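Since the structure is predicted, the reported quantities are computational estimates derived from the model, not experimental observations. Each chain gets a letter, A, B and so on, in the order the sequences are listed, and its residues count up from 1.
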Amino acid sequence: DTEVTQTPKHLVMGMTNKKSLKCEQHMGHRAMYWYKQKAKKPPELMFVYSYEKLSINESVPSRFSPECPNSSLLNLHLHALQPEDSALYLCASSHSGTREHIQYFGAGTRLSVL
Amino acid sequence: GENVEQHPSTLSVQEGDSAVIKCTYSDSASNYFPWYKQELGKRPQLIIDIRSNVGEKKDQRIAVTLNKTAKHFSLHITETQPEDSAVYFCAASEETSYDKVIFGPGTSLSVIP
């Protein structure tokens, strides 16, 4: 099973709302990632969790709050977002700390902030 | 930090022709170079990767070459088919952090039937 599952597929939220994105994998991967992707641009790294600990935060605004409850789950909590945060949010997973670090991506959550 | 450049940004070829996409990277410590394909509305998927101890790698119609001295690597697709139409991203991984992959800006490939 090389599947990374993201929910929801689409999300529309107002600037005062609080919502969460969810990501799940059952490949035994110990590294999980959040990326933001704007149209016609590459994925832009936001956060990396390695062994359930936050190892990389690419200076992301605090209105994005990641959480890794266990080795299979990754959440991204959203609060007080801005219209420019509208994008495709991709989750990925890989083995961590080894040379076998192919990243497997989920299908993404398309977020619109009104 | 690492910076990856990619050319061309768009590429249009006739079906059956070859396509070449070139990338350069800045950090000489990078030693892992994956290529991802992203079809419209789909997730990025790894199509081939190469490590710095190898100069070339092939997988059917796809090949990647790496020149560590010049810090550039290229993707070659032969006998292109319409289903090859997609955006292709090259990437480089910093040796100090295998978990961090830096993507190039992407090449939009169109294969004309």
Side-chain angles (χ1 to χ4, degrees), chain A residues 2-7 9-10 23 25 27 29-60 66 68 74 87-110, chain B residues 1-11 21 23 25 29-54 57 59 64 75 85-110:
Chain A
T2 57
E3 190 78 11
V4 176
T5 304
Q6 287 188 245
T7 55
K9 289 186 171 23
H10 301 276
C23 176
Q25 58 87 17
M27 294 180 276
H29 291 165
R30 302 308 294 272
M32 295 187 77
Y33 311 75
W34 281 115
Y35 288 90
K36 174 183 177 181
Q37 188 177 29
K38 291 279 208 179
K40 300 186 187 299
K41 297 291 186 183
E44 180 185 337
L45 184 65
M46 301 174 70
F47 302 103
V48 181
Y49 273 83
S50 178
Y51 291 87
E52 296 93 69
K53 290 195 166 86
L54 184 65
S55 62
I56 298 175
N57 176 343
E58 291 289 279
S59 302
V60 179
C68 189
L74 184 67
L88 180 67
Y89 287 84
L90 292 162
C91 173
S93 71
S94 72
H95 291 293
S96 179
T98 72
R99 302 194 74 193
E100 294 298 324
H101 53 138
I102 296 169
Q103 293 191 19
Y104 295 88
F105 284 84
T109 294
R110 191 161 297 281
Chain B
E2 177 64 275
N3 180 51
V4 179
E5 296 185 354
Q6 184 172 348
H7 299 279
S9 57
T10 59
L11 179 59
I21 302 170
C23 290
Y25 61 99
S30 290
N31 64 352
Y32 175 66
F33 306 93
W35 286 86
Y36 284 84
K37 174 184 179 182
Q38 188 173 26
E39 296 176 54
L40 190 62
K42 301 280 184 70
R43 72 191 75 190
Q45 290 195 296
L46 182 81
I47 54 170
I48 196 167
D49 57 8
I50 191 168
R51 290 193 165 80
S52 59
N53 57 345
V54 175
K57 184 176 178 181
D59 183 2
V64 59
L75 179 72
S85 296
V87 178
Y88 291 80
F89 295 103
C90 62
S93 180
E94 299 178 5
E95 189 172 6
T96 55
S97 175
Y98 288 125
D99 294 334
K100 184 170 179 176
V101 173
I102 307 299
F103 286 85
T107 295
S108 179
L109 173 65
S110 296

Worksheet entry | Part of Q45(B) within contact of chain A (heavy atom distance under 4.5 Å) |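 For Q45(B), no heavy atom lies under 4.5 Å from chain A.
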Worksheet item: With a 4.5 angstrom heavy-atom cut-off, which part of P44(B) approaches chain A: side chain, backbone, both or neither?
Response: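 Both the backbone and the side chain of P44(B) come within 4.5 Å of chain A.
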Mind checking the [atom1]-[atom2] spacing from [X] to [Y]? Nearest 0.5 Å is all I need.
X       : Y      : atom1 : atom2 : value
Q103(A) : D49(B) : CD    : CG    : 11.5 Å
I102(A) : Y32(B) : CD1   : OH    : 4.5 Å
F105(A) : L46(B) : CZ    : CG    : 9.5 Å

Worksheet item: Of the backbone (N, CA, C, O) and the side chain (C-beta and beyond), which part of E58(A) lies under 4.5 Å from a heavy atom of chain B, both, or neither?
Response: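 E58(A) touches chain B through side-chain heavy atoms alone.
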Discussion item. Heavy-atom count check: over 12 atoms from other residues, nucleotides or ligands less than 6.0 Å from K42(B) NZ?
Written reply: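 Counting other residues, nucleotides and ligands, NZ of K42(B) stays at 12 neighbours or fewer.
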Practice prompt. Could you tell me whether R110(A) atom CZ has more than 12 heavy atoms of other residues or ligands within 6.0 Å of it?
Written response: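 Atom CZ in R110(A) is not packed in, count stays at 12 or less.
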Worksheet item: So which heavy atom on P43(A) is nearest to which on F103(B), and how close?
Response: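 It is O-CD1, 3.8 Å.
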Worksheet entry | Heavy-atom pair with the smallest gap, counting every atom of V4(A) and R43(B) |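 Reported closest heavy-atom pair: O-NH1, 3.6 Å.
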Practice prompt. Using a cut-off of under 4.5 Å on heavy-atom pairs, state which of A31(A), G106(A), S55(A) scores highest against chain B.
Written response: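 Top option by heavy-atom pairs under 4.5 Å: G106(A).
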Worksheet item: So do the side chains of K100(B) and V48(A) get within less than 4.5 Å of each other, counting heavy atoms only?
Response: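 A side-chain contact under 4.5 Å is absent here.
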